[in-house]
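Right, one structure below, let's go through it.
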Amino acid sequence: MNDSEMDALADKIAERLLKRPNIPPVLVRKRDISYMLGNSGRSSSTDQVINDPTFPPPVCVTENGSLLSKINLND
């Protein structure tokens with residue numbers, strides 16, 4: 001998936017999420033984000049999204065060491 005395709009997909013996801021108001025923020029793992037983007041569990045495309053400075057930083061670590069980011073689906 002190239003950059004323009006990823007941007008188009010992100011726009012479509014955002015449009016759909018905006019149609020569903022009042023969704024509480026959720027805690028997600030990297031694997032969850034991969035699946036949301038339609039990637040495999042370990043994807044370099046997901047790494048690019050997570051490493052983007054505008055992506056929410058992790059807010060906590062689980063007992064097994066997974067980093068969790070808080071995603072507000074209303075924004």
Report task. State yes or no: do Val59 and Ile33 share one hydrophobic cluster built from I, L, V, M, F, W and Y residues joined by side-chain heavy-atom distances below 4.5 Å, directly or via other members? Result ->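 Hydrophobic grouping puts Val59 apart from Ile33.
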
Query raised in the report: Hey, quick one: are Leu27 and Tyr35 part of the same hydrophobic cluster, counting side-chain heavy atoms closer than 4.5 Å, chains of contacts allowed?
Result: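 In one cluster with Leu27: Tyr35, no.
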
Report task. With sequence neighbours excluded, tell me which residues meet salt bridge (charged side-chain N to carboxylate O under 4.0 Å, His left out) with Arg31. Result ->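 Residues passing salt bridge (charged side-chain N to carboxylate O under 4.0 Å, His left out) with Arg31: none at all.
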
Report task. Mind checking side-chain hydrogen bond (donor to acceptor under 3.5 Å, both in side chains) for Thr62 and listing every partner two or more places apart, or none if nothing turns up? Result ->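 With neighbours one apart ignored, the set is Asn64.
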
[X] and [Y]: which non-hydrogen atoms are nearest, and at how many Å?
X     : Y     : result
Met36 : Val28 : CE-CG1, 3.5 Å
Ser40 : Ser43 : O-CB, 3.7 Å
Lys30 : Ile50 : CG-CD1, 3.5 Å
Val61 : Leu67 : CG2-CD2, 3.5 Å
Ser69 : Phe55 : OG-CE2, 3.9 Å

Query raised in the report: Hey, does the side chain of Asp52 reach the backbone of Val49 with a donor-acceptor pair shorter than 3.5 angstrom?
Result: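 No, because the side chain of Asp52 does not come within donor-acceptor range (under 3.5 Å) of the backbone of Val49.
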
Requested in this report: Mark yes or no for whether Ser66, through its side chain, and Arg29, through its backbone, hold a donor-acceptor pair below 3.5 Å.
Outcome: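 No, the answer is negative, given that no donor and acceptor are paired below the 3.5 Å cut-off.
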
Query raised in the report: CG of Asp3: more than 12 outside heavy atoms within 6.0 angstrom?
Result: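 No, not enclosed.
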
Query raised in the report: Regarding Asn39 and Thr46, is there a side-chain donor-to-acceptor distance under 3.5 Å anywhere?
Result: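 The criterion, which ignores hydrogens and geometry beyond distance, is satisfied for Thr46 and Asn39.
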
